[in-house]
Amino acid sequence: MLSEAERLFLSRRRVGYLSTADFSGAPHLVPICFAAADAALYSAIDEKPKSGLILKRVKNILENPRVAFLADHYDENWSRLAWLRLDGHAELLAEGPERDDAIGLLRTRYAQYQAMQLSAVIAIRVLDVRSWGDLSQ
């Protein structure tokens, strides 16, 4: 689903932004670490301190699985600006081979995950891809 230029652009980004919404449509936006594979994007639920028992993004996904993900590149030379947006449906993977593979991808991409307990993974099933600008950055 991603073009080669979009896939390469995404691989160069270390953080992206996940947008979820609750049942009423109230938006919630958070930066996330991620790994991409085929028509899915993965983000781990890790062990860092949280302000509540259940993350707002997780609660929102359970109420409304429609999500958007944005990765961008900013430069003072505006001819070098770029962004990539993925729209899709999210689900939580608590077990199984896809979860295990996703955790492997995330641990390869982020050394910090090597020593962390990763309990679940958010899987975004990509339905639409939009990009703009100089994706060679």
**OP:** Please assess Leu92 against Ile122 for the test side chain to side chain contact (heavy atoms under 4.5 Å, CB included), listing each intermediate value before the final yes or no.
**Re:** CA-CA 5 Å; Leu92 298 173; Ile122 296 170; 3.7 Å; yes
Original post:
To the nearest 0.5 Å, how far apart are CD in Gln137 and CG in Leu8?
Top reply: 11.0 Å
Original post:
Under 6.0 Å from the six-membered ring centre of Phe9 and within 45° of its axis: does the NZ or CZ of Arg12 meet both?
Top reply: no
**OP:** Just do the side chain to side chain contact (heavy atoms under 4.5 Å, CB included) check on Arg99 and Tyr42 with the steps written out, would you?
**Re:** CA-CA 9 Å; Arg99 174 200 169 267; Tyr42 301 106; over 6 Å; no
Original post:
Can you get from Ile54 to Leu29 by hopping between Ile, Leu, Val, Met, Phe, Trp and Tyr side chains that sit under 4.5 Å apart?
Top reply: no
**OP:** Output the distance between atom CG (Asn64) and atom OG1 (Thr20), rounded to the nearest 0.5 Å.
**Re:** 8.0 Å
**OP:** Evaluate the side chain to side chain contact (heavy atoms under 4.5 Å, CB included) criterion for residues Asn60 and Val67: first the C-alpha distance (whole Å), next the side-chain angles of each, then the deciding distance (0.1 Å), finally the verdict.
**Re:** CA-CA 9 Å; Asn60 284 356; Val67 300; over 6 Å; no
Subject >> Donor-acceptor under 3.5 Å (Tyr113 side chain, Leu105 main chain) >> reply: no
**OP:** Enter the distance from Arg85:CZ to Trp132:CH2 here, rounded to the nearest 0.5 Å.
**Re:** 14.0 Å
**OP:** Give the cluster check for Val15 versus Tyr74: same hydrophobic cluster or not, with ILVMFWY residues linked at side-chain heavy-atom distances below 4.5 Å.
**Re:** no
Original post:
Taking atom CD of Glu98 and atom CG of Asp100, what is their separation to the nearest 0.5 Å?
Top reply: 10.0 Å
Original post:
Looking only at heavy atoms, what is the nearest atom pair of Leu10 and Ala71, with distance?
Top reply: CD1-CB, 4.0 Å
**OP:** Please round to the nearest 0.5 Å and tell me the distance separating atom CG of Asp134 and atom CG of Asp75.
**Re:** 9.0 Å
**OP:** Drop me the distance from Leu106's CG to Asp101's CG, to the nearest 0.5 angstrom.
**Re:** 11.0 Å
Original post:
Do you know which two heavy atoms are closest between Arg107 and Met116, and how far apart they sit?
Top reply: NH2-O, 2.7 Å
Original post:
Do the side chains of Leu18 and Val58 join up, straight or via other hydrophobic residues, at under 4.5 Å, putting them in one cluster?
Top reply: yes
Original post:
Any side-chain heavy atom of Val30 sitting closer than 4.5 Å to one from Leu55?
Top reply: no
**OP:** Count the heavy atoms of every other residue, nucleotide or ligand shown that sit under 6.0 Å from CZ of Arg130, and state whether that count exceeds 12.
**Re:** no
**OP:** Might you point out which heavy atoms bring Met1 and Glu6 nearest each other, and give the distance in Å?
**Re:** O-OE1, 4.3 Å
Subject >> Any donor-acceptor N/O pair, Asp38 side chain to Ala40 backbone, under 3.5 Å >> reply: no
**OP:** Quick one: closest heavy-atom pair of Cys33 and Ser43, and the distance?
**Re:** O-OG, 3.0 Å
Original post:
Transitively linked via ILVMFWY side-chain contacts under 4.5 Å: Leu127 with Leu2?
Top reply: no
**OP:** Please confirm whether the backbone N or O of Gly25 pairs with a side-chain atom of Asp22, one donor and one acceptor, at under 3.5 Å?
**Re:** yes
Subject >> Arg109 to Phe34, cation-pi by 6.0 Å centre distance and 45° axis angle >> reply: yes
Original post:
Has Gln114 got more than 12 heavy atoms of other residues, nucleotides or ligands less than 6.0 Å from its CD?
Top reply: yes
Subject >> Nearest atoms (heavy-atom pairs only) where Arg80 meets His73 >> reply: O-CD2, 3.1 Å
**OP:** Would you check if Phe69 and Ile32 make a side-chain contact, meaning some heavy-atom pair closer than 4.5 Å?
**Re:** yes
**OP:** State yes or no: do Val129 and Leu81 share one hydrophobic cluster built from I, L, V, M, F, W and Y residues joined by side-chain heavy-atom distances below 4.5 Å, directly or via other members?
**Re:** no
